[in-house]
Amino acid sequence: MNLVVGIGLRSGTPYRELRDLVASALEEAGGGTVRLVVTVAGRETEPGVQRLVASLNAELHTAPAEELARQPVPTPSEKVNHLTGTPGVAEAAVLLTGAQLLVTKRRSSNATTAIGRLPAAPGYAPAERNVVHRVIAERRDVRRGFVRRPIPADVLTRVLESAHRAPSVGLSQPWDFVLVRDVATRRKVHDLASAQRDAFAASLPPDRRQSFDGLKIEAILDTPLNIAVTCDAGRGGRHVLGRHADPRTTWFSVAIAIQNLWLAARAEGLGVGWVSFFEPTEVAAVLNLPAHIELVGYVCVGYVEEFATAPELVRTGWAERRPLAWAVHQEEWGHRGLPGIAPTSIVNDAVQAKPNAVQTNSRQLVRLIVGGDPAQYLQQPEALVVHLHAEKPSADFGVLWRPARTPVEAVELGVELARDLALQGVGEFDIQLVEQSELADAIARGLRVGASACGVTTAG
Ligand SMILES: Cc1cc2nc3c(=O)[nH]c(=O)nc-3n(C[C@H](O)[C@H](O)[C@H](O)COP(=O)(O)O)c2cc1C
């Protein structure tokens, strides 16, 4: 049984008094494991409380008096209310966790306690929980503003330790971390990225190219340290638990390790920039990796002047963040909405276009060729050929596979495509229906609905 102990105490209450009070209340509760001790905010620094928490091997949470005051305690006290602003501390602290009260308020000369049964193992205290969410929200991909400051070995080891704690399929731990500091090696890697940068720039329509020219896409030579994170797809041998049905899980595991590295680095004040402007085997050759070791991620790491509050691609208007409500489906694909909110279809959401609206400010043009032969159009950099049928086209960045099963689904896919392109800075669609079909008409209708919701103009 998971237990919570609520404690109210006068300042300076000795540990022994707390220990004896809590021990007798726990005896009344009939046993169990104390997971949590909760008291009013401000009392967490009391030495008696700290020692009690340590001796119980529990977590300590605190709650502000106002929050405790809202709990309907069975044994309220006017005197306590007058002194602390809440009619009860110990019982209220237990109730606040969602626990069921097993032992109501018990008193000693200077303290009170109550015991509750927790419905589940407790999460972190609010302040600690907020730190976790904060580091996730404030992690940034950093390419600029690195400072000349070496990374101490112990800091780097902590970051790598966090990466190495990542979950992995069958505990196969398929990653390795190649630390690259040598300038000559980094120059060679930089040359590879520059060549890919040029190739990507050449593939862009002129206005998009202009925006791209202003973006920095790597910090290979600006940082003291590059880390190549690799994958050994065979690590663990033949019977790795969970890999047999989906071998991709090996690469997912490495990607999760990189995310752990990124978050831990952020917490240490280290900027990380992921560079993927590479043909991975070319980097593997520069680093002289064995043939069975693949590159998954290449990150540039160093101390920075500041962490921006928003992604650089958002700040420069290149792309926008996708609203969470677009990404959450309840029970069935297409029933979108946040937890606790009735789901809606993408078409209704776009027609209402209020709570989740994203407005594009760009004038970038995309020519949407519905049903055309890719070979005829792909030399135009602004063309995107939409393939509506069940057979998957051979992979090409200029061909989008949207296998609509019904006209209703085609409308939805059209809305979604319009919204996705608006997020990538598209401001104008030229829709060309090469294919004459009900599905083609339907996706075009969806594209227009989605475009109008995002402020994208349409022609065709
Ligand atoms: C797999 C992966 C590859 C990336 N490759 C690059 C890259 O080559 N160059 C670059 O500037 N940013 C790269 N990024 C960073 C993204 O642009 C960045 O994560 C995104 O814009 C969101 O910004 P944020 O990470 O600051 O939140 C990459 C990110 C990931 C996850």
Output every pair passing salt bridge (Lys or Arg N to Asp or Glu O under 4.0 Å) with a member in residues 441-454, not counting sequence neighbours, ordered by first then second residue.
none
Heavy atoms only: give me the nearest [X]-[Y] pair and the separation to one decimal.
{"X": "Asp207", "Y": "Arg363", "answer": "OD2-O, 4.2 Å"}
{"X": "Arg186", "Y": "Thr223", "answer": "NH1-O, 2.6 Å"}
{"X": "Leu287", "Y": "Ala228", "answer": "CD1-CB, 3.5 Å"}
{"X": "Glu428", "Y": "Val456", "answer": "N-CG1, 3.7 Å"}
{"X": "Ala193", "Y": "Val275", "answer": "CB-CG1, 4.5 Å"}
{"X": "Leu365", "Y": "Phe429", "answer": "CD1-C, 4.3 Å"}

Does the side chain of [Y] come within less than 4.5 Å of [X]'s, by heavy atoms?
{"X": "Val434", "Y": "Gln376", "value": "no"}
{"X": "Gln424", "Y": "Asp420", "value": "no"}
{"X": "Leu388", "Y": "Pro403", "value": "no"}
{"X": "Asp232", "Y": "His292", "value": "yes"}
{"X": "Leu313", "Y": "Leu215", "value": "yes"}
{"X": "Leu192", "Y": "Tyr298", "value": "no"}

Can a donor-acceptor pair be found, under 3.5 Å and without considering hydrogens, that links the side chain of [X] to the backbone of [Y]?
{"X": "Glu435", "Y": "Ser437", "value": "no"}
{"X": "Arg35", "Y": "Val4", "value": "no"}
{"X": "Arg243", "Y": "Thr249", "value": "no"}
{"X": "Arg143", "Y": "Lys216", "value": "yes"}

Under the salt bridge (charged side-chain N to carboxylate O under 4.0 Å, His left out) test, which residues partner Arg238, sequence neighbours left out?
none
Please list, chain by chain and in numerical order, all residues satisfying ring pair (Phe, Tyr, Trp, His ring centres under 6.0 Å) with His329, sequence neighbours excluded.
Trp333
List for me each residue that meets ring pair (Phe, Tyr, Trp, His ring centres under 6.0 Å) alongside Tyr377, sequence neighbours excluded, and say none if there are none.
none
What is the ring orientation for Phe212 with Phe277, classed by angle as parallel under 30°, tilted 30 to 60°, or perpendicular over 60°?
parallel
Say you draw a straight line from CG of Asp182 to CG of Asn226; how long is it, rounded to the nearest 0.5 Å?
10.5 Å
Listed by chain and number, what are the side chain to side chain contact (heavy atoms under 4.5 Å, CB included) partners of Pro64, not counting sequence neighbours?
Glu66, Glu67
Sequence neighbours left out, what passes side-chain hydrogen bond (donor to acceptor under 3.5 Å, both in side chains) with Trp175? Give chain and number order.
His164
